[in-house]
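These notes are about the structure you will find just below.
Protein chains get the first letters and strands the later ones, always in sequence-line order, with residue 1 at the start of each. Since we're looking at a predicted model, the values are computed, not measured.
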2 protein chains.
Amino acid sequence: MTNIKDIARLAGVSVSTVSRVLNNYKYVANDKRESVLQVIEEMKYTPNKNAIDLIRGETRTIGVILPYNNNPAFDQLLNGILNKALENDFLVTVLPSKYSKEKEMEYLQKLKSKLFDGIIITSRANDWETIIPYSDFGTIVSCEYTPHPEIGCSYMDRYSSFLDAFQLLKNKGHRAVSFTTARLESKSTKQMIDAYHEIFGELPPGYHISDCHCLEDGYGAAKQFLELHERPTAIYANGDEVAGGMYLYAKSQQMKVPADLAIIGQENQPVGIGLGLSTVDHQLTKIGEQACSLVIKKSREKVKIPYRIVERDSV
Amino acid sequence: MTNIKDIARLAGVSVSTVSRVLNNYKYVANDKRESVLQVIEEMKYTPNKNAIDLIRGETRTIGVILPYNNNPAFDQLLNGILNKALENDFLVTVLPSKYSKEKEMEYLQKLKSKLFDGIIITSRANDWETIIPYSDFGTIVSCEYTPHPEIGCSYMDRYSSFLDAFQLLKNKGHRAVSFTTARLESKSTKQMIDAYHEIFGELPPGYHISDCHCLEDGYGAAKQFLELHERPTAIYANGDEVAGGMYLYAKSQQMKVPADLAIIGQENQPVGIGLGLSTVDHQLTKIGEQACSLVIKKSREKVKIPYRIVERDSV
DNA sequence: CTGAAAGCGCTAACAT
DNA sequence: ATGTTAGCGCTTTCAG
């Protein structure tokens with residue numbers, strides 16, 4: 001493996017001169033620069049990035065903690081992050097956590113071990129208190145809001161969006177509204193339930209189904225909802241795939257959407273566009289882009305990304 | 001920043017002893033080991049990974065060249081890779097290429113610069129001839145077959161799968177079969193056309209639509225196909241999302257699937273499960289897992305992953 | 001403008 | 001068993 005010393009020797013200069021041309025320093029005589037460049041070319045020399053990172057103490061690499069890969073919401077987030085990273089010549093390393101506290105800590109350690117300049121936490125299992133100390137070793141940006149000044153945030157006002165969606169349904173005359181969520185123990189689920197209470201009051205039994213992730217889950221949930229004694233007239237689904245499943249179940253029962261059943265989904269996913277599903281778009285791609293920008297700028301700002309409700313033909 | 005020297009001093013031992021306990025060497029007196037461990041704990045010391053990688057010449061990190069993030073097929077591949085990497089304590093860095101030759105070369109350079117132990121190429125823009133020289137600097141594994149011995153492969157027999165799918169349709173009595181593909185200039189599209197010729201002969205005008213990626217595209221393609229003078233009775237879609245769109249268009253026209261129109265998709269994606277779509281499952285997750293295993297083993301084997309046709313209710 | 005030399009933080013012979 | 005020392009490949013003062 002040829003290294004900087006070899007290049008220096010072959011070009012008849014010192015290693016510092018080689019380093020200077022490598023880093024585009026101004027004060028290098030043209031003839032020396034040329035001959036160095038030529039030797040580099042001939043030898044097909046590529047500098048060792050580990051040595052450079054070791055000295056500089058930075059890697060231009062961002063770690064992204066992701067509970068699940070292969071989940072549309074996290075994919076959108078990651079997509080935004082990758083876009084922005086690419087623009088800025090940063091690399092991104094995907095860190096799958098499956099909500100394991102140990103894994104998360106392991107990844108945070110890697111920030112400390114100088115593998116990453118910063119970490120984006122899309123969702124987490126650990127308390128902020130245990131995460132915060134690591135912010136001494138790089139920029140940590142969260143995709144959910146937290147008041148801690150050590151942590152940058154690129155987030156949306158999820159609670160308000162839930163309120164808005166329920167209110168929209170109420171305004172359209174719906175009183176029997178049910179909904180689905182993903183993980184039962186998540187903060188998001190809690191907010192959803194709170195928002196429901198705020199708009200509709202008491203939650204009738206059977207009106208909330210959790211652990212819904214894909215189209216099939218939505219199909220099954222719709223079936224359950226519609227077999228209830230007090231049928232809901234509208235459903236708020238936690239994702240357009242889930243909403244798509246509900247739509248298909250409704251259709252299979254010859255029901256008209258939205259006349260017999262209104263459906264609103266989330267995240268403006270491709271399937272919803274095709275089916276004409278109304279959706280609460282949290283703009284996850286933008287959130288990802290912003291999160292990435294924050295770590296690149298080493299900023300700990302709190303940036304709120306506006307959500308928008310896309311009305312199509314299902315409510 | 002506290003380093004190994006500090007730990008050595010505070011524990012009253014030499015750096016080599018600290019290094020030894022760090023790397024679980026056998027011959028370290030128990031009392032010294034204990035005191036080193038204690039100092040490490042007190043100082044919350046974390047070794048610098050860049051220094052270690054520099055010396056060892058390996059990073060336990062794999063780069064994955066991906067033309068598009070946010071594409072279901074590449075997502076499945078990536079998902080498999082991440083699963084296997086996680087199991088083996090490897091990190092994976094996502095390298096979006098958008099089929100740019102320059103970007104690809106840039107990423108290959110990073111292999112040479114010792115940032116990755118290996119690279120997985122899920123799809124590529126450059127010729128193998130220009131890629132192969134980089135196999136001197138790490139394991140390169142491709143997700144498509146290539147005879148070059150320098151390149152490991154984890155692949156499926158795409159052509160055979162196309163043949164099988166078309167044959168299946170023919171066996172069911174279909175003679176007017178159309179199909180969609182993604183990029184017009186891709187090898188995959190070429191194979192699709194060849195397979196068509198082999199089974200059905202001449203390709204009628206309008207029976208092939210390219211640039212189909214999502215549900216909407218499928219919806220539009222089905223519309224186009226069904227407005228042809230010589231309507232196809234079956235469609236082979238390049239993905240279940242696309243197939244889903246076709247299914248929905250057919251339904252919107254009160255057509256029965258498969259009686260009026262047979263549809264077969266690809267990749268066994270969630271939407272297809274929900275809609276009961278038959279599909280050619282290339283097992284991309286498995287291909288990703290295998291590709292990852294190959295780079296971990298530094299193997300250049302050629303491993304063929306079997307595809308399977310999942311028959312549901314749409315053919 | 002250029003080179004010598006001192007590190008960056010760590011591992012791994014080589015002694016002892 | 002443990003310490004000394006020479007690097008890994010590069011950047012960056014510091015002189016000149």
Less than 3.5 Å apart, any donor N or O on the side chain of A:Y155 or A:S142 sitting next to an acceptor on the other?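 No, A:S142 and A:Y155 have no side-chain donor paired with an acceptor closer than 3.5 Å.
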Mind checking whether [X] and [Y] have side chains closer than 4.5 Å, heavy atoms only?
{"X": "B:R158", "Y": "B:H282", "value": "yes"}
{"X": "B:L95", "Y": "A:L91", "value": "yes"}
{"X": "B:R33", "Y": "B:R20", "value": "no"}

With sequence neighbours excluded, what pairs up with [X] under the side-chain contact (heavy atoms from CB on, under 4.5 Å) test?
{"X": "A:K190", "result": "A:D194"}
{"X": "A:S35", "result": "A:A11"}
{"X": "A:K98", "result": "B:L86"}

Any residue meeting side chain to side chain donor-acceptor pair (under 3.5 Å) with [X], in chain and number order, not counting sequence neighbours:
{"X": "A:T61", "value": "none"}
{"X": "A:K110", "value": "none"}
{"X": "B:S188", "value": "none"}

What residues form a ring-ring contact (aromatic ring centres under 6.0 Å, His included) with A:Y45, not counting sequence neighbours?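 So A:Y45 forms no ring-ring contact (aromatic ring centres under 6.0 Å, His included) with any residue.
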Can I get a per-line list of side-chain donor-acceptor pairs under 3.5 Å for residues 286-295 of chain A, giving both atom names and the distance, sequence neighbours left out?
{"unit_1": "A:S293", "atom_1": "OG", "unit_2": "A:E289", "atom_2": "O", "d": "3.2"}

Span of DNA chain D, from the first to the last nucleotide whose atoms fall under 4.0 Å of chain B heavy atoms: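 Nucleotide range in contact with chain B: D:dA1 to D:dG9.
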Proximity to DNA chain D (any heavy atom under 4.0 Å), residues of residues 41-56 of chain B only: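 Correct list: B:L54, B:I55.
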Would you work out how much the helix from C:dC1-D:dG16 to C:dT16-D:dA1 bends between its ends, with each end axis defined by five base pairs, to 10 degrees?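 What I find for the helix from C:dC1-D:dG16 to C:dT16-D:dA1 is an axis angle of 40°.
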Where each residue is assigned the nucleotide of DNA chain D containing its nearest heavy atom, which of A:T2 and B:V13 is assigned the position nearer the 5′ end?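 It is B:V13 whose nearest nucleotide is closer to the 5' end.
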Start at the 5' end of DNA chain D and walk down; is the nucleotide closest to A:M1 or to A:S16 reached first?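 Nearest-nucleotide comparison on DNA chain D picks A:M1.
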Please classify the nucleic acid contact of [X] as base, sugar-phosphate, or nothing, using heavy-atom distances under 4.0 Å.
{"X": "B:K32", "value": "sugar-phosphate"}
{"X": "A:S19", "value": "base"}
{"X": "A:V18", "value": "nothing"}

Contact boundaries of DNA chain C with chain A (under 4.0 Å, heavy atoms), 5' to 3'?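 Taking any atom under 4.0 Å from a heavy atom of chain A, the span is C:dC1 to C:dG9.
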Would you please classify the geometry between the B:Y68 ring and the B:Y99 ring as parallel, tilted or perpendicular, with 30° and 60° separating the classes?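 The rings of B:Y99 and B:Y68 stand perpendicular, inter-plane angle above 60°.
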